[in-house]
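In what follows, every chain begins at residue 1, and chains take the letters A, B, ... in the order their sequences are listed.
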Protein chains: 2
Amino acid sequence: MAGIDDVARLAGVSTATVSRALSGNGPVSQTTRARVVRAASDLGYVVSSDASSLASGRTRNIGAVVPHLNRWFFTSVIEGAERVLLREGYDLTLYNLGGDGGERRRVFDHHLLRNRVDAAFTVSLELSEEEAGRLLALGKPLVGVGGPLAGVSTVTIDDVAVAHLATDHLVSLGHRRIAHIGASHEFDLDFHIPTSRRLGYEQALREAGLPVDERLHRAADFTLPGGYEAAKQLLGTPHDRPTAIFAASDEMAIGAILAARDLGLSVPRDVSVIGIDDHPLSEFFGLSTVAQHPVRQGERAAELLLAALEGARRPGGAPAPEPVSHTAPADLIVRSSTAVHP
Amino acid sequence: MAGIDDVARLAGVSTATVSRALSGNGPVSQTTRARVVRAASDLGYVVSSDASSLASGRTRNIGAVVPHLNRWFFTSVIEGAERVLLREGYDLTLYNLGGDGGERRRVFDHHLLRNRVDAAFTVSLELSEEEAGRLLALGKPLVGVGGPLAGVSTVTIDDVAVAHLATDHLVSLGHRRIAHIGASHEFDLDFHIPTSRRLGYEQALREAGLPVDERLHRAADFTLPGGYEAAKQLLGTPHDRPTAIFAASDEMAIGAILAARDLGLSVPRDVSVIGIDDHPLSEFFGLSTVAQHPVRQGERAAELLLAALEGARRPGGAPAPEPVSHTAPADLIVRSSTAVHP
DNA sequence: TTGAAAGCGCTAACAA
DNA sequence: TTGTTAGCGCTTTCAA
């Protein structure tokens, strides 16, 4: 492994100049830079990240803290973030709290504190006071994606508005009995999301002069089977059956479509179904939904973090920029699972 | 941020002793260790990973190189690996080659070379000669999960055997016309997998004295919609319709089940379906399958890497242990999508 | 625009 | 069992 001195020697300059030429920090003449770049590439030189980090205080690495990995939303956010980060020469190290063991504690007590990242983002994570405090105490840029994180910048859709939009779509199609499949309270992601979505749903009903009927609400776990079960209950009663279902996630909505089928009901003739997400499978099932573009949310999060890091390096740069709330766009996508109430 | 000297001062020992006490390397008396641990915890001291890495040559970080993130198999492998790694105090940094831009090049040319990881594993990745060479040249432990990686240890199921098992299950139920949904050649994961699975399928047919019929083979893209389309073609012809389908992945198999339904066919009465994976949705659909436990494969990969690192540190430790091929277990799970041929 | 040199915060000989 | 000390490979003042 060639080191910086090898490059310096071959290029006939000092190591300081090599560092400047390769990092782009500090003045280097065009010709010198060319010589250095040439020498580096000839030797196959790649900077040692540890040495560089230790000397500069910057790691060029971003932490991603997620509650699980086996959910489309999380992985999509990470994909988006990583694409942006790689492009800028940053790495992404992943902290998955999913295990039921002491992973979570260990991550917050140890891993995140050992200075391996310049900044971090969390995805749909509700942090305890202590956890949030620890992160904030690092004094590093922080962004919460898909869930509010006190005192920290966030990237998230407006859950109330999105749920309102989905419900309104059903209302405008003439539906009066609209059921909602939300989340149970034990649901361990940030439970503001289900609550906000339920709020938007109820708000839309009220604005349309429709009653909010407890019996039309079912809790599930954001999975397809969960949505199936909930929909079976909602649609099972022949009397007063809802004519439309708004599910808080596409996976649950797809479960609802399958439940309707199994009950001999036709979607959308007998019952309309709408979800939130625009999950990859939604198109296949013809599911109407409100797309929330998680990849873009991840990109946005990465961009915010990089901008904050960039800002912190500038002479008068704000070391701790004010937390900003970035509302990610969400669009109604109408497919074949929703239709006018006959 | 307290440093090692702060701890040393508070504990009344030298920094070397602090390092030894906290890392567990080198002899420290019980009482001294206790004093140091106490001081460290009082000060909230956490080792700086950069300084530690630079001084020791070990980063306590493992690289995970994956082709995508939005597939159950990849994320499951990563989850398993990370659980093991976190437990041992290691971080995992993720290199997702998914973007169509220069990500892949950049990762192999730069990110993986800058010494940020002690070892790495790839998941279902076919590497070019050059890429493999670069990785090997690092002289670091390497494991390929779910795909052969020349000259490197691997963790993978026996694809031929697994496909053979799935097909045999159908044969033993009396099926004679067994179709196969495999992968197209453009499919960009390691295409040995589809090929091996097809091989196992044909092998099982031959052993049963059944003909291998080209028309009973369809290529798809390992997705649910892809499986749906393929099955529609296979099951669409009223004449000589297959009575069973073996799909090379559960997602395709689920697509096949849905296709059968849409054609008015009952599963398993009119057609049996089996897949490979034991995807989280398979139980819901009653899909018979061969489980391949990707979480365990990830755990195994991590364990192999850690063992290699451990070995390399010992005096007479082999710096480059012989590549081993670890065959991961896979079990037939019979649910309700397969039944005897009437 | 360049070079010399002082660290960055730890670990690991080596000596005691 | 402990302390002293010389780096690990860079970056970044500072001076030229």
The side chain of B/Ser14 lies closest to which of these nucleotides: C/dG3, D/dT4, D/dT11? D/dT4

Using a cut-off of strictly less than 4.0 Å, decide whether B/Ser56 has a side-chain nitrogen or oxygen near OP1 or OP2 of C/dC10. no

Quick check for you: among C/dT11, D/dC10, D/dT12, whose closest atom lies nearest to any side-chain atom of A/Ser48? D/dC10

Among D/dT1, D/dG7, C/dT2, the one nearest A/Arg20 by side-chain distance: C/dT2

Looking only at side-chain N and O atoms, does A/Arg35 come under 4.0 Å of OP1 or OP2 in C/dT2? no

Think B/Thr15 has a side-chain N or O under 4.0 angstrom from the OP1 or OP2 of C/dG9? no

Side-chain-base donor-acceptor pair under 3.5 Å for A/Arg114 and C/dG9: no

Does A/Thr17 place a side-chain N or O at less than 4.0 Å from the phosphate oxygens OP1/OP2 of C/dG3? yes

Basic-acidic side-chain contact under 4.0 Å: B/Arg300, B/Glu303: yes

Check whether any side-chain nitrogen or oxygen of B/Ser52 sits under 4.0 Å from OP1 or OP2 of C/dT11, and answer yes or no. yes

Pairwise 5' ranking along DNA chain C for B/Ala2 and A/Ala16, keeping only the more 5' one: A/Ala16

Report yes if at least one side-chain N or O of B/Arg33 is closer than 4.0 Å to OP1 or OP2 of D/dT2; otherwise report no. no

So that I can tick it off, tell me whether B/Asp91 and A/Arg116 are bridged by a salt bridge, with the cut-off set at under 4.0 angstrom between side-chain N and carboxylate O. yes

